[in-house]
Amino acid sequence: MTEAPRCRFAPSPTGFLHVGGARTVLFNWLFARQRGGSFLLRVEDTDLDRNQPELVDDILRSIEWLGLGWDGEPVHQSANRDRHLEVAEALVAAGHAFWSGWQPAQGSGPPERRATDRDAGLGPGEGRALRFRVPDGGATTFTDLIRGDVTVGHADIEDFVLVRANGTPMFLLANAVDDSDMAITHVLRGEEHVNGTPKYLLIQAAMGPTVRPTFAHLPILVDEQRKKLSKRKHAVAVSDFEAKGILPEAMVNYLALLGWGPPDGIEVRPLAELVELFRLEDVNSSPAFFDVKKLEAINGDYLRALPVEDFLGRVEPFLEHGERSRPVLRELGAEVQTRVRTLADAEGYVDFLWRDEPEIDEAAWAKALGRDERAAPMLDATIAEWEAAPLDVDALKAAMERAALAAGYVNAEGGPQLGKAQAPVRVALTGRTVGPPLFESVVALGRDRTLARLREARRRL
RNA sequence: GCCCCCAUCGUCCAGUGGCCCAGGACACCGGCCUUUCACGCCGGCGACACGGGUUCGAAUCCCGUUGGGGGUGCCA
């Protein structure tokens, strides 16, 4: 009896695709794919004044970037206007809707629900909107796959607007009509739509026999203040994460973990497995915090799982100085790969190799060179040793061990404290306290530049 | 105000009456490995909001309280 479901994502082109929307896309996509159904796109552009058509491209692009393809061509809701208005007229004819100049009173006190002119028999006209005649008694109940039964009393629903005074259909009308016409079987959308669902259902009921979809309202995504994520207040556009160097597969993987979790607890896994394991019924009903730290941790896992060549290929578009970073990255690629959390981080680990001067981090300088009286002798000894040492990792290391002993970096057993001794040299060469392994870096830097930087640091002391 | 929804570690998720004095992941803190950092490994900290029921037995069921969120637009 399980027919192939028909799902849809219905973005409105009033902003970029943000992570909340992306999560909604993902869950629709997972659900449709796993049951062999279809996933459709419908651009909800009923409000001409607010539309920004160019945003449609951004939204579609972001969905493609995530790798979540849709079926068929995206539908533009504005193209169905005549159909929406035709239904509206039928609703009037059947007594389910009426033209009205009424506007609910503002301010305190119990809100007005019923239009005072609902029985006035008005026709369309200046300042008149078409409103739905909400039944006085009774209630509408629907079953939400995630939340169970939700009931709203008709007395709590106002005579809501179907068609604006300017003649354009409202979202609720268009939504109910299009879903019906597109034979949508499952509406998976954000929790903010729960309250609108009874109205949607009231419209469909008044339309006569229609395909009544099953609903599932996904928990919203919130910020650290537990407020709904908004494009206004937060940098949460999917394209921002793309620009930061988050891999789409990591993004999708992380998104799947908000409101749901695989039964075996293995969180990082390929999309194909998520399709397999995903169960809409197991989706949580409480809001989820979008944790960038965890996203980046997962991104790091994906980055490290890549063959080095692939990793370098992915880093490529993020290089600001490709000409110079590229050869160096080719040499130190694997070292950089284990350290990086986003693709945009990569270049920062190697830029000291091609800059004329390392960019000295003052805090690092103070810590490794400023406060350590052994720093000066260490630099001197290192310069002396490295002037003569062969330029290979083992020889450089042995040479530095001798320098460390000479400079007083001696451990309890009388051996060299290589870790400690390395700090001033590292900062002198790279400007930082962290980075790829030192001797490998020296090989890449070359003898002349290495010595020059050590001497320069020594001068500064 | 009114309506709706929600409530397990700081965060995300597991747990659907006994396997739970609650498990995993991120974060954090230690340790190991080690040429720094990172990776990896080991360990630690850390939660069933509260109060009543139901039951031999409740994180799990019911009621209430409190707290949070969403909606309440001629936006979507």
Side-chain angles (χ1 to χ4, degrees), chain A residues 10-15 44-47 49-50 77 100 103-104 107-111 113 127-131 144 146-148 150-153 155-158 160-168 170-172 174-175 189-198 217 219-220 222 224-228 254 257-268 282 284-298 300-301 304 335-341 349 368 393 396-397 400-401 404 416 418-423 425-427 430 432-441:
Chain A
S12 74
T14 53
E44 310 248 305
D45 53 355
T46 51
D47 187 349
D49 296 341
R50 276 166 234 264
Q77 194 160 55
S100 167
Q103 301 214 12
S108 55
R113 308 286 190 197
R128 288 187 194 152
L130 188 72
R131 287 180 179 271
D144 187 299
I146 293 171
R147 280 149 224 282
V150 178
T151 300
V152 178
D156 293 316
I157 301 175
E158 76 285 2
F160 55 93
V161 172
L162 297 170
V163 179
R164 301 181 181 86
N166 71 5
T168 58
M170 290 284 287
F171 144 81
L172 233 22
N175 214 241
R189 45 161 29 168
E191 183 184 347
E192 65 269 25
H193 293 287
V194 173
N195 283 277
T197 304
H217 289 96
I220 52 165
V222 297
E224 43 285 292
Q225 263 73 244
R226 299 252 122 209
K227 299 286 188 197
K228 183 170 131 186
Y254 175 63
L257 267 18
L258 292 176
W260 178 79
D264 58 11
I266 299 173
E267 297 186 325
V268 178
D282 293 337
N284 267 152
S285 42
S286 45
F289 171 65
F290 186 83
D291 186 354
V292 177
K293 280 241 183 90
K294 183 152 181 171
L295 200 215
E296 292 185 347
I298 289 176
D301 286 343
R304 264 171 257 118
E335 300 294 352
V336 172
Q337 190 177 10
T338 63
R339 267 154 258 258
V340 130
R341 291 202 138 196
Y349 281 97
V393 171
L396 288 168
K397 182 178 177 186
M400 180 179 253
E401 283 171 349
L418 201 52
K420 284 258 169 45
Q422 215 191 110
V425 175
R426 174 182 293 282
V427 174
T430 73
R432 296 167 209 180
T433 54
V434 304
L438 224 212
F439 310 121
E440 283 80 348
S441 298

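Order of the sequence lines sets the chain letters (A, B, ...), proteins ahead of strands, with each chain counted from 1. Since the model is a prediction, treat every value here as computed from it, not as a measurement.
Within 4.0 Å of A:R432, counting heavy atoms only, lies no atom of the nucleic acid at all. Contact annotation for A:P436: base contact, defined as any heavy-atom pair under 4.0 Å involving a base atom. In this structure, A:Q103 reaches the bases: a heavy-atom distance under 4.0 Å links it to at least one base atom across the strands shown. Residue contacts for A:S285: at a heavy-atom cut-off of 4.0 Å it reaches the sugar-phosphate backbone alone, with no base atom in range. Contact annotation for A:S12: backbone-only contact, meaning every heavy-atom pair under 4.0 Å involves sugar-phosphate atoms and none involves a base. Among the protein residues, A:F171 comes within range of the nucleic acid bases, having at least one heavy atom under 4.0 Å from a base atom. Note on A:T168: nothing from the nucleic acid sits closer than 4.0 angstrom, heavy atoms only. Counting non-hydrogen atoms under 4.0 angstrom, A:L257 reaches the backbone sugars and phosphates but no base. At the heavy-atom level, A:G127 lies under 4.0 Å from base atoms of the strands shown.
Heavy-atom nearest nucleotides on RNA chain B were determined for A:R147 and for A:P11, and the one closer to the 5' end corresponds to A:R147. Position along RNA chain B of the nearest nucleotide to A:A10 versus A:I146 favours A:I146 as the more 5'-ward residue.
Taking atom C1' on both nucleotides, B:U36 is separated from B:G43 by 24 Å, rounded to a whole Å. The separation of B:G53 from B:A14, taken at their P atoms, amounts to 31 Å, rounded to a whole angstrom. As rounded to the nearest Å, B:U60 and B:C50 have P atoms that lie 11 Å from one another. When the C1' atom is used for both B:C45 and B:C28, the distance is 8 Å, rounded to whole Å. B:G15 sits 38 Å from B:G1 when the C1' atoms are compared, rounded to a whole Å. When the C1' atom is compared between B:G40 and B:G67, the two are found 42 Å apart, to the nearest whole Å. Of the P atoms belonging to B:G64 and B:C3, the separation is 13 Å, rounded to the nearest Å. Look at the C1' atom in both B:A58 and B:U8: the space between them is 14 Å, to the nearest Å.
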What protein N or O atoms touch nucleotides 63-73 of chain B N or O atoms at under 3.5 angstrom, if any, and at what distances?
{"from": "B:G69", "atom 1": "OP1", "to": "A:K227", "atom 2": "NZ", "distance (Å)": "2.6"}
{"from": "B:G70", "atom 1": "OP1", "to": "A:K228", "atom 2": "N", "distance (Å)": "3.1"}
{"from": "B:G70", "atom 1": "N2", "to": "A:N195", "atom 2": "OD1", "distance (Å)": "3.1"}
{"from": "B:G70", "atom 1": "N2", "to": "A:N195", "atom 2": "ND2", "distance (Å)": "2.8"}
{"from": "B:G71", "atom 1": "OP1", "to": "A:K228", "atom 2": "NZ", "distance (Å)": "2.9"}
{"from": "B:G73", "atom 1": "N2", "to": "A:R50", "atom 2": "NH2", "distance (Å)": "3.1"}

Short heteroatom pairs, N/O only, protein and nucleotides 25-33 of chain B, under 3.5 Å:
{"from": "B:A25", "atom 1": "O2'", "to": "A:E267", "atom 2": "OE1", "distance (Å)": "2.7"}
{"from": "B:A25", "atom 1": "O2'", "to": "A:K294", "atom 2": "NZ", "distance (Å)": "3.3"}
{"from": "B:A25", "atom 1": "N3", "to": "A:K294", "atom 2": "NZ", "distance (Å)": "3.1"}
{"from": "B:A27", "atom 1": "OP1", "to": "A:R341", "atom 2": "NH2", "distance (Å)": "2.4"}

Short N/O separations, protein against nucleotides 46-50 of chain B, under 3.5 angstrom:
none

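Taking 4.0 angstrom as the limit, A:T46 places a side-chain polar atom (N or O) nearer than this to OP1 or OP2 of B:A76. In terms of phosphate contacts, A:R131 brings a side-chain nitrogen or oxygen within less than 4.0 Å of OP1 or OP2 of B:C74. Residue A:N284 has no polar side-chain atom (N or O) positioned under 4.0 Å from OP1 or OP2 of B:C6.
Applying the salt bridge (Lys or Arg N to Asp or Glu O under 4.0 Å) criterion to A:D264, with sequence neighbours excluded, gives A:R269. Looking at residues two or more places apart in sequence or on another chain, you find a ring-ring contact (aromatic ring centres under 6.0 Å, His included) between A:Y254 and A:F290. Residues passing the salt bridge (Lys or Arg N to Asp or Glu O under 4.0 Å) test with A:R128: none are found, sequence neighbours excluded. The side-chain hydrogen bond (donor to acceptor under 3.5 Å, both in side chains) test applied to A:T197 returns A:R189, A:H217, not counting sequence neighbours. In this structure, the side-chain hydrogen bond (donor to acceptor under 3.5 Å, both in side chains) partners of A:S100, at least two apart in sequence or on a different chain, are A:D117. Annotation: salt bridge (Lys or Arg N to Asp or Glu O under 4.0 Å) contacts of A:D156 (sequence neighbours excluded): none. Here A:K294 pairs with A:E267 under the side-chain hydrogen bond (donor to acceptor under 3.5 Å, both in side chains) rule; sequence neighbours left out. Scored by the side-chain hydrogen bond (donor to acceptor under 3.5 Å, both in side chains) test, A:R432 finds A:D351 as partners (sequence neighbours excluded). Evaluation of the side-chain contact (heavy atoms from CB on, under 4.5 Å) rule for A:A404 yields A:M378, A:Y409, A:P416, A:A421 as partners, not counting sequence neighbours.
Judged by Watson-Crick or G-U wobble contacts below 3.5 Å, the nucleotide B:C48 has no partner. Pairing for B:U72 is with B:G1, a Watson-Crick or G-U wobble pair whose two hydrogen-bonding atom distances lie under 3.5 Å. Of the nucleotides present, B:C26 is the one that pairs with B:G10 by Watson-Crick or G-U wobble criteria, both distances under 3.5 Å. Partner assigned to B:G40 is B:C32, using Watson-Crick or G-U wobble distances below 3.5 angstrom.
The CZ-P distance, from A:F290 to B:U11, rounds to 17 Å in whole Å. For A:D264 and B:G15, the CG to P distance is 11 Å, given to the nearest whole Å. Here the C1' atom of nucleotide B:A76 and the CG atom of A:L162 are 15 Å apart, to the nearest Å. In this entry the distance linking NE2 of A:H217 with P of B:C5 reads 12 Å, nearest Å. If you measure from atom CZ of A:R339 to atom P of B:G40, you get 12 Å, rounded to the nearest angstrom. Atom-to-atom, CD of A:Q77 to P of B:C75 comes out at 14 Å; the value is rounded to the nearest Å. Computed from coordinates, the A:I157 CD1 to B:C4 P distance equals 10 Å when rounded to whole Å. Residue A:Y254 contributes atom OH, which lies 8 Å from atom C1' of B:U11 at whole-angstrom precision.
Looking only at atom types and distance, the side chain of A:N284 has no donor-acceptor partner in the side chain of A:S286 under 3.5 Å away. Using modelled atom types, one finds a donor on one side chain and an acceptor on the other under 3.5 Å when comparing A:T168 with A:R164.
Taking CD of A:E401 as the reference point, atom CG of A:L396 lies at 11.5 Å (rounded to 0.5 Å).
With a 4.5 Å cut-off on side-chain heavy atoms, A:T151 and A:P198 do not count as touching.
Ranking B:C2, B:C6, B:C39 by closeness to the A:D156 side chain, first place goes to B:C2.
Side-chain atoms of A:R339 come within 3.5 Å of backbone atoms of A:E335 as a donor-acceptor pair (strictly under, hydrogens ignored).
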A:L162 vs A:L172, side-chain contact (heavy atoms from CB on, under 4.5 Å): CA-CA, chis, key distance, verdict: CA-CA 7 Å; A:L162 297 170; A:L172 233 22; 5.6 Å; no

